[in-house]
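Every chain is numbered from 1, with letters handed out A, B, ... down the list of sequences. In this text the structure is predicted, and so the values were computed from the model without any measurement.
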There are 2 protein chains.
Amino acid sequence: MSLRYALLALLRVGPLSGYDLQKQFSLSVGHVWHAPDSQIYPELRKMETEGLIEGEEQTRGQRGTRRVYHVTDAGQSAYAEWMRSPLDYQRVRDPAHLRAAYLENTTPEAARAFLHGHVSEWQSEREQWEQELRRIDARDNPMLVRRLAVTPEADHERTVAFKRFAYEGLVERANGEIAWARRGLELVDRLDGPPDDGRNSPPSRGDSQA
Amino acid sequence: MSLRYALLALLRVGPLSGYDLQKQFSLSVGHVWHAPDSQIYPELRKMETEGLIEGEEQTRGQRGTRRVYHVTDAGQSAYAEWMRSPLDYQRVRDPAHLRAAYLENTTPEAARAFLHGHVSEWQSEREQWEQELRRIDARDNPMLVRRLAVTPEADHERTVAFKRFAYEGLVERANGEIAWARRGLELVDRLDGPPDDGRNSPPSRGDSQA
DNA sequence: TCCAACATGTAAGGTGTTACATGATTTA
DNA sequence: TAAATCATGTAACACCTTACATGTTGGA
């Protein structure tokens, strides 16, 4: 249910087309909330029928058109209300921790592969978020620049501070996940001996029934 | 796609009915992976048609029946293969950090309410996971006890160690989220002054257009 | 006899993924 | 004229949520 509010947050800065929004979702906002175009276009249509946004058909060249949306008063209210409402937290459903809880059922090699994968997954996420933090500091993000342009000078600090706050949280989470997986690798070493260097095999373990 | 592997992980310990499994999902495993009964029963039927498990109809009293499932060889292979396969990480879609990134669009009160909510949500999650850690240490969890009973003595340490590892990771994540939200509360204080104690109002902010 | 627990589902709808489909415009 | 980018979708399917639906059994 957050997709529409992510869209509203972007549209509040100024009118954009579905294509523009989709770009944001594969760049800046996409680091917090991913959505493919196949989800964005229908959602915009739905939001329009519900009166949260209004689209204006623009011509592009001879025959081309693009539909540019802006937020209505109803949309502004809906956004404000969402901001005031408590977040509904989803029930936990965590594939990585699920697998971690059953690593004794596989080989040390598979356990290590999983944990290495976890490290590199979160390293690459962290890299994205750190890059976004640098962009925020350098005011090098088109949406943020547009946003600040329509925000009173006195609120610039707030605006930037909350963006930083969000991305710092994500970086810290990534750090936590990486540290956890590294501890997992140490655990595998301790339980099953150091990784096979290809010359001799550690005692075979894992795959024991149940 | 992890639901079936969570079910297989439980069934590998010994045959269980849909009802038994559903209990586990609202207790032990449910702290890592939640699933309602309306999802479990159909999934079991589907897994049976795919040959991963086999169900045996048992009578209960005069007319009652229960269907007890056990893992087939194909199911064992599928589980082992899943354990060896890389985890597919979902694209980030994080309502809390999404909202955090736009907290300048609301009142300090609403921002504080959100952050307090985040703290208490993760505190309550953490409490669950810490309790599960205590249960693991005390061998006070029926599934773990059954599991250890069918596991060679030499593998008990491994089994317990990976369970601990998984839940420790969740506790650490909760700690991270709580610390982050508390820093957010300090940020709001710094930006908008301390919370209204009901006697005088801090300078009104937020809800600035765009 | 009533209630808690046992036991198993269906139905409707929302959300998200992947693949497919189509065409216009701009730039090299 | 070819390729990149602009622009907007549909279709099928998987997964998950919430609510509804139904009956049995064992114990107080």
Nearest-angstrom distance from the residue atom [atom1] of [X] to [atom2] of [N]:
X	N	atom1	atom2	value
A/Arg45	D/dA7	CZ	P	15 Å
B/Leu21	C/dT8	CG	C1'	13 Å
A/Gln62	C/dT25	CD	P	6 Å
B/Phe25	D/dC16	CZ	P	10 Å
B/Asp88	D/dC15	CG	C1'	13 Å
B/Arg4	D/dC16	CZ	P	12 Å
A/Leu16	D/dA7	CG	P	11 Å
B/Ile40	C/dC6	CD1	C1'	15 Å

Taking only residues two or more places apart in sequence, or in another chain, which ones meet [X] in a salt bridge (charged side-chain N to carboxylate O under 4.0 Å, His left out)?
X	answer
A/Glu54	none
A/Arg93	none
B/Glu177	A/Arg173

Considering residues at least two apart in sequence or located in another chain, which fulfil the side-chain hydrogen bond (donor to acceptor under 3.5 Å, both in side chains) criterion with A/Gln24?
-> A/Ser28
Output all residues satisfying side-chain hydrogen bond (donor to acceptor under 3.5 Å, both in side chains) with A/Arg139, sequence neighbours left out; order by chain, then residue number.
-> none
Give every residue pair that meets the salt bridge (Lys or Arg N to Asp or Glu O under 4.0 Å) criterion with at least one member in residues 18-36 of chain B, sequence neighbours excluded.
-> B/Asp20-B/Arg66
Is B/Tyr41 near enough to C/dT8 that one of its side-chain N or O atoms lies under 4.0 angstrom from OP1 or OP2?
-> yes
In B/S/- notation, 5' to 3', how is nucleotides 12-17 of chain C contacted by protein heavy atoms closer than 4.0 Å?
-> ---SSS
Every protein N/O lying under 3.5 Å from an N/O of nucleotides 2-6 of chain D:
{"residue": "D/dC6", "atom": "OP2", "partner": "A/Tyr19", "partner atom": "OH", "Å": "2.4"}
{"residue": "D/dC6", "atom": "OP2", "partner": "A/Lys23", "partner atom": "NZ", "Å": "3.1"}
{"residue": "D/dC6", "atom": "O5'", "partner": "A/Tyr19", "partner atom": "OH", "Å": "3.3"}
{"residue": "D/dC6", "atom": "O3'", "partner": "A/Arg60", "partner atom": "NH1", "Å": "3.2"}

Looking only at side-chain atoms of A/Tyr69, point me to the closest of D/dG9, C/dT8, D/dA7.
-> D/dG9
Nearest-neighbour nucleotide for the B/Pro42 side chain, C/dT10, D/dG9, C/dA7 considered | C/dT10
List the atom pairs, with distances to 0.1 Å, where a side-chain N or O of residues 39-46 of chain A and a protein N or O form a donor-acceptor pair under 3.5 Å, not counting sequence neighbours.
{"residue": "A/Glu43", "atom": "OE2", "partner": "A/Arg4", "partner atom": "NE", "Å": "3.0"}
{"residue": "A/Glu43", "atom": "OE2", "partner": "A/Arg4", "partner atom": "NH2", "Å": "3.2"}

In this structure, are over 12 heavy atoms from other groups packed under 6.0 Å from B/Glu157 atom CD?
-> no
Got a sec: does the CZ of A/Arg183 have more than 12 other heavy atoms crowding it under 6.0 Å?
-> yes
Using five base pairs at each end, measure the axis-to-axis angle across the helix from C/dT1-D/dA28 to C/dA28-D/dT1 and round it to 10 degrees.
-> 10°
With sequence neighbours left out, write down each residue that passes side-chain contact (heavy atoms from CB on, under 4.5 Å) with A/Val92, or none if nothing qualifies.
-> A/Asp94, B/Trp129
With sequence neighbours excluded, residues passing ring-ring contact (aromatic ring centres under 6.0 Å, His included) with B/Tyr5 = B/Trp82
